[in-house]
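First the structure, in the form of structure tokens, and then the observations on it.
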Amino acid sequence: MPELPEVETIKLGLEKLLIGKIIIKVIVSDNSLKSFPNNQFDVNKFMLNARIVALRRRAKILIIELSTAYSLVIHLKMTGQLVFVDGKYRFGAGHPNDSLVNRLPDNSTRISIKFKDEGVLYFNDQRKFGWIKLLPTTILNDKDFFRHHGPEPLQKNFTSYVFKNRLLKHKNTMLKAALLNQSIIAGIGNIYADESLWLAKLHPKSVISNLNDKDFVRLHRAILEVLNLSLRAGGSTDKNYVDAYGNKGNYLKFANVFRREGQLCPQCGEPIIKIRVASRGTHICLNCQILK
DNA sequence: CACTTGACCTGTCCGC
DNA sequence: TGCGGACAGGTCAAGT
């Protein structure tokens, strides 16, 4: 389930792979895909012969900017993948036969974008929750477009003071629900919510109005630490996630609680349990994480 | 308005 | 072996 570190990792990969490439063909293999193409006219006029000029990310949304002043705006939701396969090394040395890149397209492929030098970008999405839109780039630069998204946690102006003040606008909300709310802070999903709360020693059902200044500082620091560690590990692969090269992420090797119910808390040795918070599976150490 | 819950999907796993 | 049902979670509409 791509969250900030996963989408950022994909962005960095696509940046190296796609900048300067020219689109020569677009194949839509899933007619139930509602948001793409907007219509065939748009695809022909604004995608064919377009050059990739920039890759951007805002929250969990990826933007592929084209030379036509249009952009592909992509949300991968839970099972979306964006994988580039280069025709030149697809069957080359160093690529095991069972590698994902050798199996594409597969039955989850929704869109294939072919480039002038024979490379193909595949948009796969097993559960069909993801979407791609083709929109004028000027719309994306309008602040209004992302008005429902909170600040980027890894930007310098996202201080613990800013974080605290945004949280305090939702006094009666459970902490985990607030972390998952993209309008309070952008980019956190189920994995990094659980990991940050464990690191900050806060119970996910804690009510925001009960937190003190030290709690906000600790939680802010924990979020930055967890996201940065995941970025260094190339994100988390629970089931579906792969980066732009088709490689899995390594963060879950370092995870302390996520998907570790029944195992022992690295801090205190008590067993980690799984509960439901905000309609989501939630992994906690009852001993370490204080309910406030 | 503040906050919570259910629907959207499909592959996988578990119990019978 | 197969079948039904629960489960996985990002987002938003609908509900309290």
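Quick note on labels: first sequence line is chain A, next is B, and so on, each numbered from 1. Please read all numbers here as calculations on a predicted model, not as lab measurements. Reckoned from all heavy atoms, side chains included, excluding hydrogens, waters and symmetry mates.
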Quiz prompt | Rounded distance in Å - CD1 (I184(A)) to P (dG10(C)) | solution = 15 Å

Quiz item: Does R259(A) make a side-chain N or O approach to OP1 or OP2 of dG9(C) shorter than 4.0 Å?
Solution: yes

Polar atom pairs between nucleotides 10-12 of chain B and protein, under 3.5 Å, N or O only, would you list them?
unit_1: dT10(B); atom_1: OP1; unit_2: K128(A); atom_2: NZ; d: 3.1

Self-check item: side chain to side chain donor-acceptor pair (under 3.5 Å) involving D238(A) - partner list, sequence neighbours excluded
Solution: R259(A)

Self-check item: Distance in angstrom units between H149(A) NE2 and dC12(C) C1', rounded
Solution: 11 Å

Quiz prompt | Atom-pair distance (NZ on K176(A); P on dT5(B)), nearest Å | solution = 14 Å

Quiz item: Looking only at atom P, what distance separates dT11(C) and dG11(B), rounded to whole Å?
Solution: 22 Å

Quiz item: Rounded to the nearest Å, what distance is computed from the CH2 atom of residue W131(A) to the P atom of nucleotide dT11(C)?
Solution: 9 Å

Self-check item: Stacking check F129(A) vs dT11(C) (5.5 Å / 30 deg)
Solution: no

Quiz item: Do R276(A) side-chain and dT4(B) base share a donor-acceptor contact under 3.5 Å?
Solution: no

Exercise. Without swapping roles, check the side chain of E6(A) against the backbone of S236(A) for a donor-acceptor pair under 3.5 Å.
Key: yes

Practice problem: Just jot down the salt bridge (Lys or Arg N to Asp or Glu O under 4.0 Å) partners of K21(A), sequence neighbours excluded, or say none. | Solution: D117(A)

Self-check item: side chain to side chain donor-acceptor pair (under 3.5 Å) involving N141(A) - partner list, sequence neighbours excluded
Solution: R56(A)

Quiz item: Under 4.0 Å between a side-chain N or O of K169(A) and OP1 or OP2 of dA2(B)?
Solution: no

Self-check item: Qualifying residues under side chain to side chain donor-acceptor pair (under 3.5 Å), relative to S160(A), sequence neighbours excluded
Solution: none

Exercise. Can you tell me, in whole Å, how much space there is between the C1' of dA6(C) and that of dG6(B)?
Key: 16 Å

Self-check item: Contacts of R58(A) that satisfy side chain to side chain donor-acceptor pair (under 3.5 Å) - sequence neighbours left out
Solution: E152(A)

Quiz item: Rounded to the nearest Å, what distance is computed from the CG atom of residue L180(A) to the P atom of nucleotide dG6(B)?
Solution: 16 Å

Practice problem: Share the residues that join I284(A) in a hydrophobic cluster, the rule being Ile, Leu, Val, Met, Phe, Trp or Tyr side chains under 4.5 Å apart at the heavy-atom level. | Solution: M174(A), I273(A), I275(A), V277(A), L286(A)

Quiz item: Where is the tightest heavy-atom contact between I74(A) and I64(A), given as atom of each residue plus distance?
Solution: CD1-CD1, 3.8 Å

Quiz prompt | Whole-Å gap separating C1' (dT11(C)) and CD1 (I185(A)) | solution = 17 Å

Quiz prompt | Pairs meeting criterion side-chain hydrogen bond (donor to acceptor under 3.5 Å, both in side chains) with involvement of residues 213-228 of chain A, two or more places apart | solution = K164(A)-D213(A), D215(A)-R218(A), D215(A)-K292(A)

Practice problem: Between M78(A) and N172(A), just flag the one whose closest nucleotide in DNA chain B comes earlier from the 5' side. | Solution: N172(A)

Quiz item: Can you check the L76(A) CG to dT11(C) P distance for me, whole Å?
Solution: 10 Å

Quiz item: Which parts of residues 187-196 of chain A get close to DNA chain C, meaning a heavy atom less than 4.0 angstrom away?
Solution: G189(A), N190(A)

Quiz item: Should T68(A) and M47(A) count as side-chain neighbours, where that means a heavy-atom distance under 4.5 Å?
Solution: no

Practice problem: Dot-bracket for DNA chain B, please, read 5' to 3', with Watson-Crick or G-U wobble pairs under 3.5 Å on both distances, ( ) within the strand, [ ] crossing, | other strand, . unpaired. | Solution: .|||||||.|||||||

Quiz item: What ring-ring contact (aromatic ring centres under 6.0 Å, His included) pairs are there with at least one residue in residues 181-218 of chain A, not counting sequence neighbours?
Solution: Y192(A)-Y251(A)

Self-check item: Residues which pass salt bridge (Lys or Arg N to Asp or Glu O under 4.0 Å) with K77(A), listed by chain and number, not counting sequence neighbours
Solution: none

Quiz item: For the pair made of CZ in R280(A) and P in dC12(C), what is the distance, rounded to whole Å?
Solution: 13 Å

Quiz item: Picking from dC3(B), dT11(C), dA8(C), which would you name as closest to the side chain of H170(A)?
Solution: dC3(B)

